[in-house]
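To start, the structure under review is shown below, and the notes come after it.
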Protein chains: 2
Amino acid sequence: MRLPLKTEYACQVLAQLASTFASGQVRQVEELAAAEHLSPNYLVQILTTLRQAGLVISRRGKNGGYLLARHPDDITLAEIAMALEGGALIESSPGNGGKSAERVRHAWVRVNEAMLQSCGGITLTELIPPLQTQDGADWVI
Amino acid sequence: MRLPLKTEYACQVLAQLASTFASGQVRQVEELAAAEHLSPNYLVQILTTLRQAGLVISRRGKNGGYLLARHPDDITLAEIAMALEGGALIESSPGNGGKSAERVRHAWVRVNEAMLQSCGGITLTELIPPLQTQDGADWVI
DNA sequence: TTAAAGTTGCGTCGTTTACTAAGGTATTGT
DNA sequence: ACAATACCTTAGTAAACGACGCAACTTTAA
């Protein structure tokens with residue numbers, strides 16, 4: 001099971017927003033994309049989803065940008081992942097009518113619940129990246 | 001994150017094998033496929049993977065078939081899923097060099113460990129399907 | 001009013017998944 | 001020994017999904 005890039009990107013950009021949450025300033029897509037090495041065009045779609053889920057607030061027009069909707073301590077991996085993917089973290093199939101299909105499905109539902117529990121224990125605060133260097137440049141070997 | 005059908009099928013067929021483990025008799029692909037509503041050709045590939053992982057034993061030739069390698073109490077969801085997928089249940093991407101990529105990756109590694117823990121607590125015994133009816137027919141509405 | 005910035009929807013290309021098919025190989029009953 | 005039986009392996013494929021790119025639209029500060 002591969003964790004979707006979209007979810008990973010969402011965590012990264014939210015961590016980035018968390019790092020400047022105290023300032024109350026908005027951050028623009030271009031800058032966020034540069035900091036996390038993401039495609040701006042794709043990042044926009046992710047941020048839109050996060051806004052619809054109530055995790056970020058956007059301001060349009062000139063000097064617009066994005067802002068975390070709540071304190072980083074109050075946003076968990078569980079919320080982030082649930083915002084991106086639909087109803088469940090681990091989604092099992094509708095079932096094929098096999099004799100043990102129902103039991104198997106139920107077992108994975110339990111696993112999903114356990115996973116939600118553990119994801120609910122990891123907050124954005126733990127994801128805040130190490131202190132940024134003063135020069136804005138990144139080093140690539 | 002969708003649970004791969006392959007993994008779900010593996011659980012189903014292992015549950016089926018668990019239900020007759022006590023008898024010591026082998027079960028044939030055609031019969032297993034019928035009981036779990038799976039494609040025999042596809043099921044063979046899954047069973048081969050499970051055999052390579054040491055979860056089932058196969059006997060070739062006439063009167064051949066498959067048998068659970070260990071007691072159902074001793075086989076967990078974690079082992080099954082790890083046998084099908086590669087190194088981890090939740091596999092995060094290589095990382096894109098973003099400022100918070102490393103932290104995010106590490107967080108999901110922790111989630112993966114928690115998930116392994118919870119999957120390790122569910123055994124095949126819990127997946128054994130309800131008692132089979134004597135007539136071999138299935139009912140579809 | 002104009003330029004900057006978010007919003008939305010569509011299109012596309014590459015990868016993965018789920019499955020089919022066909023030929024090969026090992027056992028066993030006779 | 002032989003042939004029937006059942007597992008083994010690999011190649012191929014069609015559909016679905018993921019990860020974007022692009023373009024037209026809307027909102028808002030200056």
Side-chain angles (χ1 to χ4, degrees), chain A residues 1-13 17 25-34 36-69 81 84-86 91-96 98 101, chain B residues 1-13 17 25-34 36-53 55-69 81 84-86 90-96 98 101:
Chain A
M1 261 185 301
R2 201 171 104 272
L3 179 73
L5 278 178
K6 208 171 197 173
T7 302
E8 200 162 344
Y9 293 166
C11 294
Q12 289 184 230
V13 73
L17 287 174
Q25 301 294 316
V26 297
R27 309 270 302 271
Q28 301 189 348
V29 170
E30 292 288 340
E31 184 240 340
L32 290 169
E36 294 298 334
H37 290 177
L38 302 175
S39 147
N41 276 324
Y42 193 32
L43 185 54
V44 159
Q45 300 176 32
I46 296 173
L47 282 165
T48 298
T49 302
L50 292 174
R51 178 180 54 80
Q52 290 165 347
L55 292 179
V56 301
I57 292 171
S58 72
R59 211 158 62 202
R60 299 174 72 155
K62 208 165 184 177
N63 297 330
Y66 292 90
L67 194 66
L68 220 54
L84 273 284
E85 333 203 353
E91 191 175 4
S92 62
S93 323
N96 59 357
Chain B
M1 259 184 305
R2 202 172 101 269
L3 180 73
L5 278 177
K6 206 172 196 172
T7 303
E8 199 162 344
Y9 293 166
C11 293
Q12 289 185 232
V13 71
L17 287 174
Q25 301 294 316
V26 297
R27 310 271 301 271
Q28 303 191 347
V29 170
E30 291 289 340
E31 183 240 338
L32 290 169
E36 294 299 335
H37 292 178
L38 303 174
S39 147
N41 275 326
Y42 193 31
L43 185 54
V44 161
Q45 300 176 31
I46 296 173
L47 283 165
T48 297
T49 302
L50 292 174
R51 178 179 52 81
Q52 289 165 348
L55 292 178
V56 302
I57 292 170
S58 71
R59 211 157 63 202
R60 298 175 72 155
K62 208 165 185 177
N63 296 330
Y66 292 91
L67 194 66
L68 221 53
L84 273 284
E85 335 205 350
I90 305 282
E91 190 175 5
S92 62
S93 323
N96 59 357

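Rounding to whole angstrom units, CG of residue Leu5(A) and C1' of dG14(C) are separated by 13 Å. Look at CZ on Arg59(A): it is 17 Å from C1' on dT26(D), rounded to the nearest Å. Lys62(A) places its NZ atom 11 Å from the C1' atom of dT1(C), with the value rounded to the nearest Å. Between the CE atom of Met1(B) and the P atom of dA19(D) there is a distance of 12 Å, given to the nearest Å. In this structure, Leu84(B) atom CG and dT16(C) atom C1' are separated by 15 Å, rounded to whole Å. Rounded to whole Å, atom C1' of dA18(C) lies 18 Å from atom CD of Glu36(B). Between the CD atom of Glu85(B) and the C1' atom of dT17(C) there is a distance of 12 Å, rounded to whole Å. The distance between atom CD of Glu31(A) and atom P of dA5(C), rounded to the nearest whole Å, is 12 Å.
The minimum heavy-atom distance between Ala101(A) and Glu36(B), with the atom names listed, is N-OE1, 4.0 Å. Listed here is the closest heavy atom pair of Leu3(B) and Thr7(B): CD1-CG2, 4.1 Å.
Ranked by how close their nearest DNA chain D nucleotide is to the 5' end, Asn63(A) and Thr7(A) are led by Thr7(A). Mapping Arg60(A) and Arg2(A) onto DNA chain C by nearest heavy atom places Arg60(A) at the nucleotide closer to the 5' end. Position along DNA chain D of the nearest nucleotide to Gly64(B) versus Ser39(A) favours Gly64(B) as the more 5'-ward residue.
For the pair Ser58(B) and dA6(D), the criterion of a side-chain N or O lying under 4.0 Å from OP1 or OP2 is not met. Dashed line: the shortest gap from a side-chain N or O of Tyr9(A) to OP1 or OP2 of dA19(D) is not under 4.0 Å.
At a threshold of 4.5 Å between non-hydrogen side-chain atoms, the residues Leu17(B) and Arg27(B) count as touching.
A heavy-atom distance below 4.0 Å to DNA chain D is reached by these residues of residues 42-57 of chain A, ordered by number: Tyr42(A), Gln45(A).
Comparing the end axes of the helix from dT1(C)-dA30(D) to dT30(C)-dA1(D), each fitted to five base pairs by superposing C1' atoms of four pairs onto the next four, gives an inter-axis angle of 20° (nearest 10 degrees).
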